[in-house]
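A short worksheet on the structure shown next.
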Amino acid sequence: MKYVFFGTPEFAATILEKLIDVGYIPEAVVCNPDEPIGRKQILTPPSAKIMAEKFNISVFQPLKLRDNLEFFDWIKKLKPDLAIIAAYGKIVPKEILGIPIYGFINVHGSLLPAYRGASPIQSTILNGDEETGITLIKLDEKMDHGPVLGKSEIRISKSETYDTLSAKLAEAGAELLIKTIPDYIAGKIKLTEQSHAEATYAGIIKKEDGKINWLKSAEEIERMVRAFYPWPTAWTIWNEKTLKILEAITSSGDNKKTGEVFLKNSELAIKCGVGVLVVKKLQLEGGKILTAKDFLNGHKNFVGNIFS
RNA sequence: CGCGGGGUAGAGCAGCCUGGUAGCUCGCAAGGCUCAUAACCUUGAGGUCGUUGGUUCAAAUCCAACCCCCGCAA
């Protein structure tokens with residue numbers, strides 16, 4: 001079976017690696033172009049490209065797919081039987097969707113039709129769900145809308161961050177693909193239409209989404225901390241500097257003002273709209289990641305501050 | 001040349017502007033208190049102040065270059 005793999009970040013790279021491991025070697029990998037990363041603006045290849053090159057698989061990095069004749073001709077000439085797409089980062093135009101005989105199989109990080117869109121993993125943590133999963137769908141022209149080939153469920157632990165959940169979902173996605181592809185090709189899989197009326201959407205995450213509103217409950221804020229780790233992180237402003245909260249737990253309420261910083265059993269605590277957030281790790285703009293204890297050693301005036 | 005913060009005892013920070021051989025909190029060690037303690041009290045060990053050079057009678061502090069860490073932006 002001849003297939004092409006579409007995917008860009010770590011999530012895609014993990015799936016790609018697993019597929020290769022069991023002998024599903026793609027004809028080519030298509031991912032987003034290299035991007036300038038970090039302070040030095042060094043042009044850095046995406047994870048999927050690095051993985052592909054490790055196995056000497058050719059890589060294509062088109063700037064766009066729509067109206068890209070060169071790319072269109074290339075894939076048409078290649079005549080793949082199938083395409084697998086995971087966190088690619090671009091919409092695949094209708095003309096291209098029809099090229100592989102078996103279409104495009106998309107690995108999506110939620111139990112569709114919940115959380116269609118760009119941030120299913122963050123959204124499920126934010127909402128405090130106890131369970132999420134992977135859904136394989138056959139791509140159609142609408143976003144995350146196609147019929148379902150299979151699902152795999154995963155429990156969300158209380159300390160799950162975007163990072164850890166993303167890794168688990170990638171693993172689960174790869175396993176599900178490996179199990180499903182042969183049956184699908186053999187025509188043994190019945191495609192199931194999604195119940196579109198129940199669809200929910202998760203938009204792209206912006207830096208600003210991580211800004212903490214201290215009127216919210218400690219539970220909500222604690223979920224933000226996990227959902228937005230490591231980016232954009234849950235953050236607030238202190239002394240005109242960004243203060244990232246990287247790890248925290250919730251605690252019961254105290255008779256304090258909303259947003260007030262205090263010591264609870266000598267731990268760094270912040271009163272929220274409802275309940276208390278006990279901060280474990282944080283990072284001030286320009287500084288390193290510190291434990292709450294270290295941070296307090298050097299910032300005595302932090303206790304007593306009131307966040308808005 | 002994208003913008004900015006920082007490198008001072010094991011850790012986190014102050015001191016730098018207005019030069020005169022370093023201080024705070026924690027940790028560590030010893031002793032004490034206590035039925036006991038991660039609590040409290042006392043004492044102590046531990047620092048070429050990122051590197052190199054310059055100015056000066058004198059540099060953590062002023063000047064120059066370089067190295068390293070970090071935030072933003074992408």
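Under the 3.5 Å distance criterion, with hydrogens and angles disregarded, no donor-acceptor pair is assigned to the side chains of T14(A) and E17(A). For the 3.5 Å distance criterion, the side chains of D144(A) and Y201(A) fail to qualify, holding no donor opposite an acceptor. In summary, the side chains of W214(A) and T236(A) do present a donor paired with an acceptor at a separation below 3.5 Å, with no hydrogens or angles considered. N32(A) and Q61(A) are not linked by any side-chain donor-acceptor pair at a separation below 3.5 angstrom, with hydrogens and angles left out of the test.
The side chain of K300(A) lies closest to U25(B) when the candidates are U25(B), C72(B), C26(B). With G12(B), G71(B), G27(B) as the candidates, the nucleotide lying closest to the side chain of N297(A) is G12(B). Among the nucleotides A11(B), U25(B), G5(B), the one closest to the side chain of K241(A) is G5(B). Considering only the side chain of I37(A), A74(B) comes nearest among G4(B), A74(B), C13(B). Set against U25(B), C72(B), A74(B), the side chain of P36(A) has A74(B) as its closest nucleotide.
Base pairing analysis places C72(B) opposite G2(B); the two distances defining the Watson-Crick or G-U wobble pair are each below 3.5 Å. Both distances falling under 3.5 Å, in either a Watson-Crick or a G-U wobble arrangement, place A29(B) opposite U43(B). With both pairing distances under 3.5 Å, U37(B) is matched to nothing as a Watson-Crick or G-U wobble pair. Nucleotide A64(B) forms a pair with U52(B), judged by Watson-Crick or G-U wobble geometry with both contacts under 3.5 Å. Pairing partner, G23(B): C13(B), with both Watson-Crick or wobble hydrogen-bond distances short of 3.5 Å.
Using a 4.0 Å heavy-atom criterion, one finds that Q283(A) contacts the sugar-phosphate atoms exclusively.
Protein atom CG of L243(A) is 12 Å distant from nucleotide atom P of C72(B), rounded to whole Å. Note: NZ (K206(A)) to P (A74(B)) measures 14 Å, nearest angstrom. In this structure, the CD1 atom of I289(A) is 19 Å from the P atom of G6(B), given to the nearest Å. Rounded to an integer number of Å, the gap from NZ of K288(A) to P of G71(B) is 11 Å. Note: CG (L284(A)) to P (G71(B)) measures 11 Å, nearest angstrom. Rounded to whole angstrom, the span from the CG atom of L263(A) across to the C1' atom of A39(B) amounts to 15 Å. Rounded to whole angstrom, the span from the CH2 atom of W231(A) across to the P atom of G71(B) amounts to 14 Å. Between the NZ atom of K281(A) and the C1' atom of G12(B) there is a distance of 16 Å, given to the nearest Å.
On the P atoms, U42(B) is 46 Å away from G4(B), given to the nearest whole Å. Nucleotides A36(B) and C49(B) are separated by 45 Å at their P atoms, to the nearest Å. U61(B) and U8(B) have their C1' atoms separated by 11 Å, with the value rounded to a whole Å. Spacing of C1' atoms, G15(B) relative to G7(B), comes out at 15 Å, to the nearest Å. Of the C1' atoms belonging to G44(B) and U48(B), the separation is 23 Å, rounded to the nearest Å. Rounded to the nearest Å, the gap between the P atom of G71(B) and that of C24(B) is 31 Å. With both ends at atom C1', the span from U18(B) to G31(B) equals 44 Å, rounded to whole Å. G20(B) and G27(B) are spaced 32 Å apart, taking the P atom of each and rounding to whole Å.
For R39(A) against G71(B), a side-chain-to-base donor-acceptor contact under 3.5 Å is present.
An OP1 or OP2 oxygen of G12(B) is reached within less than 4.0 angstrom by no side-chain nitrogen or oxygen of K293(A). Residue Q41(A) places no side-chain N or O under 4.0 Å from the OP1 or OP2 atom of G2(B).
Here the options are I212(A), L282(A), T242(A), the test is side-chain contact (heavy atoms from CB on, under 4.5 Å), and the partner is W235(A); only T242(A) passes.
Heavy atoms from other residues, nucleotides or ligands lying under 6.0 Å from NZ of K207(A) number more than 12. Counting non-hydrogen atoms of neighbouring residues, nucleotides and ligands closer than 6.0 angstrom, the CD atom of E53(A) exceeds 12 such neighbours.
Rounding to the nearest 0.5 Å places CD of E95(A) at 10.5 Å from NZ of K76(A).
Between F302(A) and F295(A), the angle of the ring planes goes over 60°, which puts this pair in the perpendicular group of the 30/60° scheme.
Between the side chain of K2(A) and the main chain of L78(A), a donor-acceptor pair closer than 3.5 Å is present.
Between F295(A) and T242(A), the residue anchored nearer the 5' end of RNA chain B, judged by the nucleotide with its closest heavy atom, is F295(A).
Applying a 4.0 Å cut-off to non-hydrogen atoms, none of the residues of residues 301-308 of chain A approaches RNA chain B.
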